[in-house]
Amino acid sequence: MKVLVTGGAGFIGSNFVYYMLKKHPDYDILCVDCLTYAGNMSTLEEALKNPHFKFFKVNICDRVSIYKIFEEEHPDIVVNFAAESHVDRSIENPEVFLTTNILGTQVMMDACRKYGIKRYHQVSTDEVYGDLPLDRPDLFFTETTPIHTSSPYSSSKAGADLLVLAYHRTYGLPVSVSRCSNNYGPYHFPEKLIPLMIANALNDKPLPVYGEGLNVRDWLYVEDHCKAIDLIIHKGRVGEVYNIGGHNEMRNIDIVKLICKELGKPESLIKHVGDRKGHDMRYAIDPTKIHNELGWLPETKFADGIKKTIKWYLENRKWWEDIISGDYQNYYAKMYNNR
Ligand code: NAD
Ligand code: TYD
């Protein structure tokens, strides 16, 4: 079996590459990634030593190069992780989100149609459902919750989801879609909440919490997400959407305090800063469908996952220090100075 993974030099894609190489040692794993600011070759250092792994530095919007890969490699399964993924960046500059997340998805699916495929899987997000109110803890996102997006990021992901499902209905492309809650774990780019707070705390820098920090996210350890996708591409029904989440809701402020505690840093580092525009209040997934149909359940509890994640950032300082010493500094100054 040959699995083509796009966005495999990023956070979840790289974790998926490692998961698949370990779980299916006889599979060939191809990675397509154009290495934006979020993609990192050092993340794939170990994978590159494996003869079952191959890397292509290609943009998913580049139709000619994508078709060439399909013509030469004939993948059986495509898992599309490649995307612009950060809400704050989408608020600053929406255009590249629409280009990569929607048009790039189209190119990948056109290649699948042209060359034939057993399964095209689209990695989507719970953010396509918009948000839930804080005073209704009884409400959860199900697969039938209407799409109701808030940010240019979530709108671009929703556009891609609709296109994927349309390619199934119109052309019979064997697709599936998964919508996962917030992930955390190794190789998470330090612009996102958890790795940013770990890196700043370790450097005794202020911890910028947007607004009051009461927003709730439903956190899932990245390996549990990878396991769910592996199940869906092998056993999930074609044309279906599967929600992935572990009933693990946390307020941002509580996460930041927990990180301070784990690292032995004072909470006085916490600095409340201007809120995100259009900030979603609460995400919460109902994972009943994937549990009932595929037997998936998350395995890592947040209390253990956050410890493992912090340990990884302590043991892999070079990985994130290299990132935050480069262009990231301009990004950080633009987003956080005078906020
Ligand atoms: P990431 O930003 O860490 O990685 C994205 C990767 O895609 C990078 O390696 C980047 O170089 C690559 N990429 C971007 N544009 C590309 C293009 N045009 N062509 C080829 N490669 C390109 O993102 P992530 O957090 O790993 O998210 C992966 C996927 O999972 C995304 O589709 C995202 O929407 C989805 N998702 C993420 C989360 C989360 O909590 N991070 C939750 C649910 C769903
Ligand atoms: P983030 O990791 O960007 O994921 P998403 O917006 O896709 O859920 O942010 C998680 C939450 O943390 C979100 O409510 C915004 C908040 N946040 C901060 O308070 N400070 C920060 O510096 C960042 C990056 C995020």
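What you see is a predicted model, and the numbers here were worked out from it, not measured in a lab. We count ligands from 1, going down the list as the structure has it; atoms in each ligand are counted the same way.
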For the 3.5 Å polar cut-off, considering only N or O atoms, please tell me whether I60 and ligand 1 meet it.
yes

Before signing off on this row, confirm whether N59 and ligand 1 have an N or O atom pair separated by under 3.5 Å.
yes

For the residue pair H24 and F16, is the inter-centroid distance of their aromatic rings smaller than 6.0 Å?
no

Within-cut-off N or O pair, N183 and ligand 1, under 3.5 Å:
yes

Considering the heavy atoms of A82, write down every atom of ligand 1 situated less than 4.0 Å from one of them.
7 (O), 21 (N), 22 (C)

Ligand 1 and S85, any nitrogen or oxygen pair closer than 3.5 angstrom?
yes

What do you reckon, does I12 have a nitrogen or oxygen under 3.5 Å from a nitrogen or oxygen of ligand 1?
yes

Taking only heavy atoms of N182 into account, list the atoms of ligand 1 that are under 4.0 Å away from them.
40 (O)

Closer than 4.0 angstrom, basic N to acidic O: yes or no for D322 and K318?
yes

State plainly whether the residues K227 and E299 are in salt-bridge range, i.e. N to O under 4.0 Å.
yes

Please determine whether any non-hydrogen atom of C180 lies less than 4.0 Å from an atom of ligand 1.
yes

What protein heavy atom lies closest to atom 44 (C) of ligand 1? Include the residue and the distance to one decimal.
S124 O, 3.1 Å

Under 4.0 Å between heavy atoms, the region of K157 that gets near ligand 1 turns out to be side chain

Before accepting this row, confirm whether a basic side-chain N of the pair E249/R217 lies closer than 4.0 Å to the acidic partner's carboxylate O.
no

Would you find more than 12 non-hydrogen atoms of other residues, nucleotides or ligands less than 6.0 Å from D327 atom CG?
no

Would R179 and D161 pass as an ion pair if we require N to O under 4.0 Å?
yes

Would you say ligand 1 has an N or O under 3.5 Å from any N or O of C34?
yes

Return the residue, atom name and 0.1 Å-rounded distance of the protein heavy atom closest to atom 30 (O) of ligand 1.
V123 CG1, 3.5 Å

Between K307 and D304, is there a side-chain N and carboxylate O pair less than 4.0 Å apart?
no

Fit a plane to each ring of Y115 and H74, take the angle between them on a 0 to 90° scale, and name the class: parallel (under 30°), tilted (30 to 60°) or perpendicular (over 60°).
perpendicular

Closest to atom 7 (O) of ligand 1 among protein heavy atoms sits G7 CA, 3.5 Å

Is there a polar contact, in the sense of an N or O pair closer than 3.5 Å, between T36 and ligand 1?
yes

Do T100 and ligand 1 have an N or O pair less than 3.5 Å apart?
yes

Would V58 count as a contact of ligand 1 if the rule is a heavy atom under 4.0 Å away?
yes

Starting from atom 31 (C) of ligand 1, find the nearest protein heavy-atom neighbour and note its residue, name and distance.
F81 O, 3.2 Å

Would you call R63-D110 a salt bridge at under 4.0 Å N-O?
yes

Under 4.0 Å from a heavy atom of Y336: which atoms of ligand 2 are those, numbered in the order shown and with their elements?
21 (C), 22 (O), 23 (C), 24 (C)

Salt bridge check: are K334 and E92 linked by an N-O gap of less than 4.0 Å?
yes

Derivation of the side chain to side chain contact (heavy atoms under 4.5 Å, CB included) call for D126 and C180:
CA-CA 5 Å; D126 60 357; C180 191; over 6 Å; no

Here the atoms of ligand 2 under 4.0 Å from any heavy atom belonging to Y283 are 8 (O)

Measure I194 to ligand 2 on non-hydrogen atoms and call it side chain, backbone, both or neither using the 4.0 Å cut-off.
neither

The atoms of ligand 2 lying under 4.0 Å from a heavy atom of R276, numbered in the order shown, are 3 (O), 5 (P), 6 (O), 9 (O), 13 (C), 15 (C)

Partner of F302 under side-chain contact (heavy atoms from CB on, under 4.5 Å), picked from T309, L258, L220, is L258

Any atoms of ligand 2 less than 4.0 Å from a non-hydrogen atom of H86? List them with their elements.
3 (O)

How does F11 reach ligand 1, if at all, at less than 4.0 Å between non-hydrogen atoms: by side chain, backbone, both, or neither?
both

Result of checking W319, Y37, Y184, F11 against F189 for ring-ring contact (aromatic ring centres under 6.0 Å, His included):
Y37

Around atom 4 (O) of ligand 2, find the nearest protein heavy atom and jot down its residue, atom name and distance.
N182 ND2, 3.4 Å

What residue and heavy atom of the protein are closest to atom 4 (O) of ligand 1, and at what distance?
G10 CA, 3.4 Å

Using the ring centroid of each side chain, check whether H247 and F140 are separated by less than 6.0 Å.
yes

Just which atoms of ligand 1 are under 4.0 Å from any heavy atom in L35?
11 (O)

With a 4.0 Å cut-off, would you call D88 and R276 a salt bridge?
yes

Quick note on ligand 2: atoms under 4.0 Å from a heavy atom of E191 include exactly 24 (C)

For ligand 2, the portion of E127 having any non-hydrogen atom under 4.0 Å away:
side chain

Is E321 atom CD crowded by more than 12 heavy atoms from other residues, nucleotides or ligands, each under 6.0 Å away?
yes

Are any of the N or O atoms of G8 closer than 3.5 Å to those of ligand 1?
no

Where is the nearest protein heavy atom to atom 10 (C) of ligand 2: which residue, which atom, and how far?
L193 CB, 3.8 Å

N/O of Y153 under 3.5 Å from N/O of ligand 1, yes or no?
yes

For the residue pair Y120 and N80, confirm or rule out a side-chain donor-acceptor distance under 3.5 Å.
yes

Heavy-atom contacts with A9 under 4.0 Å: which atoms of ligand 1 show up? List them by number with element.
9 (O)

Judged on heavy-atom distance to atom 8 (O) of ligand 2, which of K271, R217, M197 sits nearest?
R217

Which of the numbered atoms in ligand 2 are under 4.0 angstrom from any heavy atom belonging to K192?
2 (O)

Given that the side chain starts at C-beta and the backbone is N, CA, C, O, which of these parts of Y153 lies under 4.0 Å from ligand 2, counting heavy atoms, or is it both or neither?
neither

Is any side-chain heavy atom of T125 closer than 4.5 Å to a side-chain heavy atom of Y153?
yes

Of all the non-hydrogen atoms in the protein, which one sits nearest to atom 42 (C) of ligand 1, and at what distance?
S181 O, 3.4 Å

For ligand 2, which atoms, with element, lie under 4.0 Å from some heavy atom of V209?
19 (O)

How close does the nearest protein non-hydrogen atom get to atom 14 (O) of ligand 2, and which residue and atom is it?
H279 NE2, 2.7 Å

Considering only heavy atoms, does N252 approach ligand 2 within less than 4.0 Å through its side chain, its backbone, both, or neither?
side chain

Quiz question: by atom type and distance under 3.5 Å, do the side chains of Y27 and D76 form a donor-acceptor pair?
no

Report, in ascending order of atom number, the atoms of ligand 1 lying under 4.0 Å from any heavy atom of A83.
5 (C), 7 (O), 14 (C), 31 (C), 32 (O)

Does the pair E191/R89 count as a salt bridge with the N-to-O cut at 4.0 Å?
yes

Atom 11 (O) of ligand 1 has as its nearest protein heavy atom D33 OD1, 2.6 Å

Should we count CG of N338 as having more than 12 external heavy atoms under 6.0 Å?
no

